[in-house]
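Structure first, commentary second.
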Amino acid sequence: MPEYEKAMRPEDITRLFVERSNAGDAAGVAELYEEGAVMAYPPGERTVGREAIRALWEKVLSHRPHFEPEQPLPTLVNGDIALTSTPPKDGTGARAQVVRRQPDGSWQRLLDQPEFAPPGR
């Protein structure tokens, strides 16, 4: 398995996600998540566990989508837990993640809500 750059700040995860997704690296995307992470995707469903998240991203990335970097909103940190979020470039909805500091000081996603629309949409 390749040695992946680790997210040493919560905000690094968004950048690493874009880089790895655009490279078609589903395994690299999955490494951004804890083993037992929960992702609210596809819409209306949950994908649980790093292996299931990797399999999901293999399918998504097989279509060669291109992701643009999004400016993260201010991160809220409390000890070893942080809330990160980004507003999508199209101005609809939001993205939010709960990340946790790992024993080596890096950060991984624990909960991921990659897209949700404002109420009424």
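Since the model is a prediction, treat every value here as computed from it, not as a measurement. Quick note: residue numbers are just sequence positions, from 1.
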Just by modelled atom types, is the Lys59 backbone N or O under 3.5 Å from a matching donor or acceptor in the Ser62 side chain?
-> yes
Are the side chain of Gln97 and the backbone N or O of Pro114 linked by a donor-acceptor pair below 3.5 Å?
-> no
Value rounded to 0.5 Å, distance of [atom1] in [X] from [atom2] in [Y]:
| X | Y | atom1 | atom2 | result |
| --- | --- | --- | --- | --- |
| Asp25 | Glu58 | CG | CD | 10.0 Å |
| Thr14 | Glu19 | OG1 | CD | 11.0 Å |
| Phe17 | Asp112 | CZ | CG | 8.0 Å |
| Glu31 | Glu5 | CD | CD | 13.0 Å |

Looking at Arg100, Arg109, Arg50, which hits salt bridge (charged side-chain N to carboxylate O under 4.0 Å, His left out) with Glu35?
-> Arg50
Under the side-chain contact (heavy atoms from CB on, under 4.5 Å) criterion, do Arg20 and Leu32 qualify, and how do the steps go?
-> CA-CA 10 Å; Arg20 294 173 189 182; Leu32 298 171; 3.4 Å; yes
How close do [X] and [Y] get, heavy atom to heavy atom, and via which atoms?
| X | Y | result |
| --- | --- | --- |
| Pro10 | Val99 | CB-CG2, 3.8 Å |
| Pro43 | Glu115 | CG-OE2, 3.5 Å |
| Gly24 | Arg64 | CA-NH1, 3.7 Å |
| Thr75 | Ala82 | CG2-CB, 3.9 Å |
| Lys6 | Leu16 | C-CD1, 4.0 Å |

Could you tell me if the side chain of [Y] sits less than 4.5 Å from the side chain of [X], heavy atoms only?
| X | Y | result |
| --- | --- | --- |
| Pro42 | Leu56 | yes |
| Met39 | Arg46 | no |
| Thr84 | Ile13 | no |
| Val29 | Arg54 | no |
| Arg101 | Trp107 | yes |
| Leu73 | Pro87 | yes |

Would you call Arg15 and Glu11 a salt bridge, using N to O less than 4.0 angstrom?
-> no
How about Gln102 and Glu34: does a side-chain donor come under 3.5 Å of a side-chain acceptor?
-> yes
Take Val18 and Glu68 through the side-chain contact (heavy atoms from CB on, under 4.5 Å) test and state the conclusion after the steps.
-> CA-CA 7 Å; Val18 170; Glu68 291 291 330; over 6 Å; no
Do other residues, nucleotides or ligands put more than 12 heavy atoms under 6.0 Å from Asn78 CG?
-> no
Is it possible for you to say whether [X] and [Y] belong to one hydrophobic cluster, with membership spreading through side-chain heavy-atom contacts below 4.5 Å?
| X | Y | result |
| --- | --- | --- |
| Val98 | Tyr33 | no |
| Phe67 | Tyr41 | yes |
| Leu83 | Ile81 | yes |
| Leu111 | Leu76 | yes |

